[in-house]
Every structure is written in structure tokens, then in C-alpha cells.
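Before any comments, here is the structure.
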Amino acid sequence: MLDIKWVLENQDHAKKAFEQRGSAVSVDELIRVNDERKELQLQFDELRAEQKSKSKLIGQYKKEGKDAQPILDEVNQIADKVKELNHKQSEAENTLKSLLHQIPNIPHESVPVGSDESANVVARSWGQKREFAFKAKEHWELGEDLGLLDFERAAKLAGSRFAIYRGALAKLERALIQFMLRVQTEENGYEELMTPYLVNADTLTGTGQLPKFEEDLFKTTSGYYLIPTAEVPVTNFYRDEVVNEKELPYSFCAYTPCFRSEAGSYGKDIKGLIRQHQFNKVELVKITKQEESYAALEKLTNDAESILQKLNLPYRVMTLCTGDMGFGAAKTYDIEVWLPGQNQYREISSCSNCEAFQGRRMNTRYKDSNGKMQFVHTLNGSGLAVGRTLIAVLENYQQEDGSILVPEALQHSMGCEVIKKP
RNA sequence: GGAGAGGUGGCCGAGUGGUUGAAGGCGCACGCUUGGAAAGCGUGUUUACGUUAACGCGUAACGAGGGUUCGAAUCCCUCCUUCUCCGCCA
């Protein structure tokens with residue numbers, strides 16, 4: 001959510017940004033609705049003040065034994081108008097708020113301008129792509145050939161976009177989770193959280209999934225939603241709280257399964273594990289002071305990258321352009337891992353600085369050194385998407401006979417050096 | 001699921017339907033006092049919106065949302081949540 005005051009004071013900037021981000025709401029509409037709101041508040045405040053002072057008189061008169069009837073009649077009429085104005089005023093406030101809730105965040109000045117992913121910019125690359133003496137296979141082929149990945153039975157149990165991992169592959173997924181959590185907590189300074197996987201609508205509004213993107217979520221009959229990412233419960237940890245400035249920044253990591261309806265992605269990544277209704281992820285979240293969030297974004301991105309480096313998986317980091325960023329982000333780096341089977345880079349992490357966008361929605365604040373209330377800045381990034389990391393391990397560590405070498409960092413927890421057909 | 005008791009400021013804790021944004025205490029900040037500290041004394045100590053050059057002023061907020069009333073922290077209804085007891089249960 002944007003600050004209406006900022007919009008009023010920076011109308012040209014706002015107009016340009018709204019266009020770049022494809023906002024359905026215009027600056028002019030915001031100004032109009034806000035003016036209406038102010039006018040109604042003024043009317044209400046004045047009338048309510050009159051009502052209050054005269055009501056007090058009634059109390060006084062009665063105490064003194066004077067006749068209060070004339071005032072009572074007068075105030076009776078005021079009361080009706082006050083009630084009406086009160087409704088109108090809160091309606092106007094809600095209208096403004098719901099407009100503000102639909103507007104995407106303003107891009108940071110360092111973000112490249114562009115309408116789609118073709119305008120994204122490579123920030124850096126890491127690692128050496130392996131040369132294969134044979135034709136590299138895709139992960140689903142490798143998994144099914146090993147007999148360790150079963151999509152058909154998963155479809156029977158649930159439907160399409162689900163998978164069953166068997167034996168060594170189930171263990172590999174678990175080893176990756178454990179490995180990522182270990183690195184993020186022990187080396188990169190994150191505190192681990194275990195959170196609810198079902199959350200309420202307020203929580204999803206805080207991080208920006210609601211009200212605009214309800215169709216992407218699974219909703220239960222009791223009104224709970226399955227979380228689409230741990231960003232949701234973790235970022236909302238301090239919702240409606242004033243946090244101590246001295247404790248900032250907070251760094252949290254959390255492993256959770258994630259659930260996405262994938263409505264509107266028919267025909268996209270139908271095969272394999274890339275796009276599932278349910279997948280595992282270790283998420284990184286930082287909550288910072290305003291002036292520290294961009295340094296924190298670099299750190300958080302590096303922390304996510306460190307997992308790929310330790311697994312020796314080649315990747316590149318992309319700076320997303322204005323048109324390719326998520327709703328709440330002011331700046332985003334995507335980390336893309338190299339998949340030799342697919343012969344392309346695929347997103348494995350998305351690290352964003354949301355600035356005060358979520359802080360304002362969540363109403364999470366701190367008192368700065370001047371005693372002024374400020375909204376926190378929030379950041380999140382995958383550290384990493386576990387299923388896609390498993391894909392990357394399969395494809396990058398495959399051997400000609402279809403077996404998979406286990407990355408050195410995982411050999412201890414896997415208890416083996418190679419995954420072979422059982 | 002059943003029965004009962006609660007939810008008030010950073011914390012604890014008063015509150016009779018009428019100058020209660022809210023007693024008192026603790027904490028915190030500043031000042032006085034002191035050789036220095038503690039104690040003591042004094043002053044101050046929520047946020048949002050509106051208004052103002054500024055000091056201020058106005059309005060709202062006592063879990064949330066409705067209602068009764070000229071007037072609600074106080075009365076009524078619904079919901080959320082915490083605690084105790086019973087039942088069920090991994």
C-alpha cells in the first residue's frame with residue numbers, strides 16, 4: 001500500500017510509476033476520493049463537536065435541576081445527522097483504502113524500465129556450466145527412469161500438478177531442506193520459525209496477496225487459506241505491532257510447504273516438478289529500518305546464492321524490470337539456476353525489497369531516533385525453492401547411466417555418494 | 001463440543017451512562033537535589049486523521065463489528081481471543 005500523502009506530493013512520479021506497473025487505479029481518482037474523504041471528515045468533526053458540547057450541557061442542566069428539554073430536542077436532530085455523516089465518512093475511508101490496496105508498489109530508481117522479462121538485466125553469473133559427453137536428460141525423465149518420481153499415482157491421489165517422491169529422492173528433498181536451514185541459521189544469521197500453513201484473510205492482505213489475487217490461493221471451507229509461501233506468515237509476525245528500533249533488523253527463515261492454485265497457468269510447465277500445486281520452500285525474511293533495506297536486499301540475495309554455491313550449481317542473478325516485478329516489490333533480484341536438461345536458466349529464488357508497502361498494510365512500525373513513527377521495510381526471498389533445487393541437482397549431477405551423483409555438501413546426510421535405481 | 005471467568009495506555013491496575021484520553025502505581029525522559037550515585041521532589045510520557053506558519057486546536061480509538069441513548073470504557077447483540085473445569089483427540 002502506498003502512502004496517500006506521498007502520492008499527493010509526488011504526482012508526476014506516481015503517474016509515471018502507475019503506468020509502468022500497469023495500475024488499474026489512476027492518480028486523479030485517488031486525489032478525487034481523498035478530497036471527498038477530507039471534506040466528509042471535516043463535516044463530521046464539526047457536527048460531532050457541537051453534539052458533544054451540547055450533550056454535556058444536558059448533563060449539567062439536569063444536575064442543576066434546569067430544564068434540559070429545549071437542548072435535548074436540538075441535539076436529537078444533530079444526532080441523526082452525525083450518524084449519517086459518520087457512515088458516509090467511514091465509507092469514504094474504506095473506498096480510499098480499497099483503492100490503495102489495489103495499486104502495485106513504486107519501483108526503486110535503480111530498477112530497469114521495461115514491460116516484460118525481456119527487459120530484465122543480468123546482474124552477475126556464477127559457476128561453470130558442465131560439459132556433457134552425452135545428451136543431458138530432463139529431471140522428470142531421470143526421476144521416472146530411476147523409479148523414484150511418480151506423477152501418475154500422485155494424479156490418482158490428488159490430481160495434476162502433484163508428485164510423489166520415493167526412497168532416495170524423498171530423502172534428497174528432506175536433506176536439502178535440512179541443509180538450507182542449517183546454512184541460513186548457522187552461517188547467515190537467520191532465526192528459524194515454524195508457522196501455521198493455514199492463515200486468515202487479514203494476514204494475506206498484509207503481504208498483498210489479498211484482495212487482488214484470491215484466485216491464486218486455495219481457500220478452505222472454514223475460511224482459512226493455505227499459504228502460497230512462508231513469506232505470508234513470517235512477514236506478518238509483527239503485524240499491528242510497534243517494534244523496538246534497537247531490535248531491527250529481524251532476520252527469519254522458515255521451511256514450509258507452499259500451495260498455489262496456478263489458475264491461469266494452463267499448459268505452462270505441465271511436465272515435471274517445475275510448477276506444482278504443492279511444493280517445499282525455505283524462505284528468508286528481513287524486517288528492517290527504512291534506510292537499511294537496500295543493503296539488506298543485497299545481503300539476503302547473497303544468502304540465497306550461498307546455497308547454490310555450496311551445491312556447486314551454476315546460476316545467474318537477474319535484476320527484474322518494472323513490468324516483471326511482483327505486486328508488492330520495489331526491487332527484485334531473481335536467481336536463476338542452470339538446468340542442462342532443459343538447456344536454460346530457471347528461476348529458483350526471487351528476492352525482493354518491498355520497502356514500506358507491506359509494513360503499511362500490516363501496520364508494523366518502529367519509532368526512529370527522532371521519535372517519529374516509521375513503517376518497517378520488509379524483504380523476502382527464497383533460500384531456496386526446494387523442489388527446483390532438487391531438479392537442479394538431478395540435471396546437473398546426472399551421469400550417463402542415469403544415476404545421480406550426490407553433491408558433496410549433501411553426502412553426509414544422504415549417507416551415500418550416488419543415487420541409483422533401487 | 002459443553003460450563004464458567006476475563007480482554008482498559010510500554011507494563012500492572014481503577015473505573016457510579018454525563019469536562020475520563022482515561023485515577024493510582026511501575027517503567028521511561030528531562031529538570032532540581034548530591035562530591036558522585038541511590039532515594040526524594042517537580043514536569044512530562046499513545047496513535048491516526050483533519051486544521052495551523054507555529055504554539056496549539058478539533059475528531060476518532062478502552063479486543064473487533066453492530067445496536068440502545070441527547071451522551072457509552074460503562075447497557076444490549078454478534079464475532080475474535082485468553083484462562084479454568086469437563087468431554088474428545090494426534
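Note on naming: letters A, B, ... go to the chains in the order of the sequence lines (proteins, then strands), and numbering restarts at 1 for each one. Worth saying up front: this structure is predicted, and the values here are computed from it rather than measured.
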Candidate nucleotides [options], ranked by approach to the side chain of [X] - the nearest:
X       : options                : value
F44(A)  : C70(B), U59(B), G50(B) : U59(B)
A49(A)  : G50(B), U59(B), G67(B) : U59(B)
V75(A)  : U51(B), A60(B), C70(B) : C70(B)
K367(A) : G71(B), A60(B), U46(B) : U46(B)
R365(A) : G50(B), A48(B), C70(B) : A48(B)
D45(A)  : U51(B), G58(B), C70(B) : G58(B)

Considering only the [atom1] atoms, how many Å lie between [N] and [M], rounded to the nearest integer?
N      : M      : atom1 : value
G2(B)  : U59(B) : P     : 44 Å
C28(B) : G10(B) : C1'   : 9 Å
A72(B) : G67(B) : P     : 12 Å
U52(B) : U45(B) : P     : 25 Å
G24(B) : G17(B) : C1'   : 23 Å
G31(B) : U82(B) : P     : 44 Å
G9(B)  : G13(B) : C1'   : 11 Å
U43(B) : U33(B) : C1'   : 15 Å

Sort out the partner of [N] for me: Watson-Crick or G-U wobble, both distances under 3.5 Å, none otherwise.
N      : value
C88(B) : none
G65(B) : C77(B)
C70(B) : G18(B)
C55(B) : none
G27(B) : U45(B)
G40(B) : C32(B)
G4(B)  : C83(B)

Looking at C70(B), does its base get a donor-acceptor pair with the side chain of Q51(A) below 3.5 Å?
no
Between L42(A) and Q89(A), whichever has its closest RNA chain B nucleotide further toward 5' is L42(A)
On RNA chain B, more 5' by nearest nucleotide between K56(A) and M373(A) is K56(A)
Would you mind checking if [Y] and [X] are paired as a salt bridge, meaning a charged N to carboxylate O distance below 4.0 Å?
X       : Y       : value
K88(A)  : E84(A)  : yes
K281(A) : E283(A) : yes
D80(A)  : K83(A)  : no

To the nearest Å, give me how far apart [atom1] ([X]) and [atom2] ([N]) are.
X       : N      : atom1 : atom2 : result
K52(A)  : U59(B) : NZ    : C1'   : 7 Å
I58(A)  : U69(B) : CD1   : C1'   : 10 Å
Q41(A)  : G58(B) : CD    : P     : 15 Å
R239(A) : A64(B) : CZ    : C1'   : 13 Å
F375(A) : A48(B) : CZ    : C1'   : 9 Å
Q43(A)  : U51(B) : CD    : P     : 14 Å
N76(A)  : U69(B) : CG    : P     : 9 Å
I4(A)   : A48(B) : CD1   : P     : 17 Å

Would you kindly say whether [X] and [Y] are connected by a side-chain donor-acceptor distance under 3.5 Å?
X       : Y       : value
Q209(A) : Y225(A) : no
Q399(A) : S403(A) : yes
N94(A)  : E91(A)  : no

message: Using a heavy-atom cut-off of 4.0 Å across all strands, would you classify K54(A) as base, sugar-phosphate, or nothing?
response: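 Contact class for K54(A): none.
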Using the ring of Y190(A) (Phe, Tyr or Trp, six-membered ring only), decide whether K286(A) places NZ or CZ under 6.0 Å from its centre and within 45 degrees of its axis.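 Because its charged atom sits under 6.0 Å from the ring centre and within 45° of the axis, K286(A) does stack over Y190(A).
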Hey, is the side chain of K83(A) poking within less than 4.0 Å of OP1 or OP2 on U68(B), counting only N and O atoms? yes
query: Would you say G50(B) has OP1 or OP2 under 4.0 Å from some side-chain N or O of R37(A)?
result: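 Answer is yes, contact under 4.0 Å.
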Check your understanding: With a 4.5 Å limit on heavy-atom distance, are the side chains of Y397(A) and I419(A) in contact?
Key -> no
